[in-house]
Amino acid sequence: MEDGLRVLVASALGKLLGSVLTEALPHATIVVATDPDSVHHAIVGRVRFDSVVADLIWMDPAYEYVFDGLDVLKLLRESNRSAPIIMALHGHGIERDHLEEAITQPEVVGVVQKAAGFESPVEAVQIAAAGHALPKTKFPISQHLICPSLDSYFSHGRRGHTAARLAVAIAAGQATDYQSLAAATCIPLNTVNKLVSYLGPLIEGRGEHDPQLPLTSQVVYRWCGEHSRYVLSWGRRILEI
């Protein structure tokens, strides 16, 4: 099965995993991409990969707010180079928002935990390349996911998109009050004034605010900061802002 197998490792620290895969799968072609430009170069106009291992969040200060594993998925789709994707997790809570979206995508066949060592991704690549999903008993998610996900809420019609645009502007540091938020989003001020009604149900639905305290615009601003990595990711990928 290894003959002719093509595997992409998309990770800021992917050279180590790439060398492990090269040793374990000597007849396979292992391509390592360690930054957004090299990921683009590896995918666009190239031969399709049999499987892809991508860091869900790129733990590098230069990329963690501008590129992630969901961007890799988008690039594969837009280039008509879709392939089974294995998302590699560091095990941090900040990955949860991304993970809640990733596991709903048809191309994502499972996750591997980086802390589990290198045997796990080698086996995962072989399973994915054979056209199978990773068995969850052996490749567990091991994170407590919350419903509703940010992706499902933001994707729910025009109101969801408006909520996302407001959240993106706040997460990007483009607004400090209703007036600057309206200017940053080009959303009418009378709509921006309803900021809490747009994002409050999501915050409350996820249990991320003490119900004994009032849910104010300050709470929304704090929440957007806490979820900024994912909010900015969703904005650039879906809203393209």
Please set out all donor-acceptor pairs under 3.5 angstrom arising from side-chain atoms of residues 116-125, sequence neighbours excluded.
unit_1, atom_1, unit_2, atom_2, d
E123, OE1, K138, NZ, 3.1
E123, OE2, K138, NZ, 2.9

Can you list everything that forms a side chain to side chain contact (heavy atoms under 4.5 Å, CB included) with K136? Sequence neighbours excluded, please. none
Applying side chain to side chain contact (heavy atoms under 4.5 Å, CB included), can you list everything that pairs with I103, at least two apart in sequence or on another chain? L99, I141, L145
Looking at R96 and E208, is there a salt bridge between them, counting it only when a charged N and a carboxylate O are closer than 4.0 Å? yes
Taking atom types as modelled, find out whether Y230 and E100 have a side-chain donor-acceptor pair closer than 3.5 angstrom. no
Considering only NZ, NE, NH1 and NH2 on the basic side and carboxylate oxygens on the acidic side, decide whether R237 and D151 come within less than 4.0 Å. no
Pairs involving residues 34-68, ordered by first then second residue, that meet ring pair (Phe, Tyr, Trp, His ring centres under 6.0 Å) (sequence neighbours left out): W58-F67
Look up atom CG in L56 and atom CD1 in I86, then write down how far apart they are to the nearest 0.5 Å. 13.5 Å
Point-to-point distance, once rounded to the nearest 0.5 Å, from OG of S38 to CD1 of I43: 9.5 Å
For residues 161-171, tabulate all N or O donor-acceptor pairs below 3.5 Å that involve a side-chain atom, not counting sequence neighbours.
unit_1, atom_1, unit_2, atom_2, d
T162, OG1, R158, O, 3.1
R165, NH2, T185, O, 2.5

Sorted by chain and residue number, the ring pair (Phe, Tyr, Trp, His ring centres under 6.0 Å) partners of H227 (sequence neighbours excluded) come out as W223
Any sub-3.5 Å donor-acceptor pair from R81's side-chain atoms to R46's backbone N or O? yes
To the nearest 0.5 angstrom, please state how far the CE atom of M59 sits from the OG atom of S11. 11.0 Å
